[in-house]
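Following this message is one structure expressed as structure tokens.
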Amino acid sequence: MLTELLDIYMVCFKMGAVTFGGGYAMLPILRREIVQNRKWVDEETIMDYYALSQGLPGIIAVNVSVFIGYKHKGSLGAVAAALGMISPCLMIISLIAACLSNYHDNPIVRHALAGISACVAALILDAVVAMWKKGVKDLVGYALCFIMIGLTVWTNVNLILLVVAAAIIGIMLAPKKKEAKK
């Protein structure tokens, strides 16, 4: 059991150490490591965890890792996953805080951060495409997606309310989809 918990910790530690830009940037790494390599959960479950984590308080990457750890090894797995995900962040932030205050005006540091930002944008785009392929499957999905994008971009509607509204719409339409399949 301890070996399995350490394995969960190390997998999450590795993802936390290389994931700049938050939970969405983590998705390609998470899919490869957790879904493809280790097969702890399937692709659809990862997408469900992401969707649920967006509506919960806290950091998406940590929330998703907790779900994965819990599914794989229960409460102790959830704790190991959370600790694994946050440990590298704490170390990196502490190191950066100690060093960056002396170098924040350095052009090399500014250019390095700009390069990292570009990479994060690419990782987030990859996550969006993957989520699109798994989550938007019919005309209702397309309509709901574009409506939610519009509300997100052009209004100040609380994002949690949008997630809850989308979930309610999905629940309301589920019986109609089942009837249409019959």
Side-chain angles (χ1 to χ4, degrees), residues 1-97 112-138 141-142 144-145 148-149 152 159-160 162-163 166-167 170 174 177:
M1 177 78 160
L2 186 59
T3 305
E4 292 169 323
L5 293 174
L6 186 59
D7 190 35
I8 293 170
Y9 175 86
M10 291 309 297
V11 166
C12 291
F13 185 95
K14 182 169 68 170
M15 284 188 290
V18 298
T19 303
F20 293 91
Y24 296 111
M26 178 184 82
L27 187 57
I29 299 165
L30 186 70
R31 284 181 19 235
R32 184 178 59 244
E33 190 66 34
I34 302 298
V35 175
Q36 295 169 357
N37 294 348
R38 298 181 184 274
K39 297 181 181 9
W40 287 347
V41 295
D42 60 25
E43 184 94 22
E44 192 168 316
T45 302
I46 288 288
M47 293 302 143
D48 291 343
Y49 290 166
Y50 261 87
L52 185 57
S53 293
Q54 291 174 29
L56 295 174
I59 302 165
I60 292 173
V62 175
N63 292 345
V64 171
S65 68
V66 166
F67 285 130
I68 291 166
Y70 185 81
K71 174 129 175 125
H72 190 58
K73 285 291 163 193
S75 297
L76 291 176
V79 171
L83 291 174
M85 189 59 71
I86 65 172
S87 294
C89 297
L90 291 174
M91 289 183 230
I92 291 168
I93 289 171
S94 297
L95 183 64
I96 289 172
L113 293 174
I116 290 170
S117 294
C119 180
V120 166
L123 291 172
I124 291 171
L125 180 60
D126 180 68
V128 168
V129 169
M131 291 176 83
W132 176 273
K133 288 178 182 176
K134 289 291 179 186
V136 181
K137 298 178 181 177
D138 56 17
Y142 285 105
L144 186 58
C145 183
M148 293 301 167
I149 289 171
T152 301
L159 298 178
I160 294 171
L162 293 180
V163 171
K177 285 184 180 182

Any Leu30 side-chain heavy atom under 4.5 Å of Ile68 side chain: yes
Listed partners of Arg32 passing side-chain contact (heavy atoms from CB on, under 4.5 Å), at least two apart: Ile29, Gln36, Asn37
Least distance between heavy atoms, Val136 atom then Gly141 atom: CG1-C, 3.7 Å
Pairs where residues 49-73 contributes a residue and the test salt bridge (Lys or Arg N to Asp or Glu O under 4.0 Å) is met, not counting sequence neighbours: Glu4-Lys73
Full working for side chain to side chain contact (heavy atoms under 4.5 Å, CB included) between Leu5 and Met1: CA-CA 6 Å; Leu5 293 174; Met1 177 78 160; 4.2 Å; yes
Glu33 CD to Met15 CE distance, which is reported to the nearest 0.5 Å: 6.5 Å
Distance-minimising heavy-atom pair for Ala82 and Val66: CB-CG2, 3.7 Å
Cys12 to Ala81 - nearest heavy-atom pair and separation: CB-O, 3.5 Å
Reported OG1-to-CG distance for the pair Thr152 and Leu162, which is rounded to 0.5 angstrom: 5.0 Å
From CA spacing to verdict: side chain to side chain contact (heavy atoms under 4.5 Å, CB included), Leu6, Phe13: CA-CA 10 Å; Leu6 186 59; Phe13 185 95; over 6 Å; no
Ser65 side-chain N/O to Val62 backbone N/O, donor-acceptor pair under 3.5 Å: yes
Pair listing, side chain to side chain donor-acceptor pair (under 3.5 Å) test, anchored in residues 74-89, at least two apart: Tyr9-Ser87
Candidate pair Val41 and Phe67, rule side chain to side chain contact (heavy atoms under 4.5 Å, CB included), full reasoning: CA-CA 10 Å; Val41 295; Phe67 285 130; over 6 Å; no
Spacing of Asp7 atom CG and Leu2 atom CG [to the nearest 0.5 Å]: 11.0 Å
Neighbour count >12 (heavy atoms, 6.0 Å) for atom CD, Glu43: yes
Atom of Asp126, atom of Pro28 and distance for their closest heavy-atom approach: OD2-CG, 2.9 Å
Nearest atoms (heavy-atom pairs only) where Ala17 meets Pro88: N-CG, 3.4 Å
Any donor-acceptor N/O pair, Asn63 side chain to Pro57 backbone, under 3.5 Å: yes
Distance in Å, Leu76 CG paired with Tyr70 OH, rounded so as to fall on 0.5 Å steps: 11.0 Å
Side chain to side chain contact (heavy atoms under 4.5 Å, CB included) between Trp132 and Tyr142, worked out: CA-CA 9 Å; Trp132 176 273; Tyr142 285 105; 3.1 Å; yes
Stepwise side chain to side chain donor-acceptor pair (under 3.5 Å) test for Thr45 and Asp42: CA-CA 5 Å; Thr45 302; Asp42 60 25; 2.5 Å; yes
CZ-OH distance between Arg31 and Tyr50, expressed to the nearest 0.5 angstrom: 9.5 Å
Interatomic spacing from SG in Cys145 to CE in Met131 - rounded to 0.5 Å: 10.0 Å
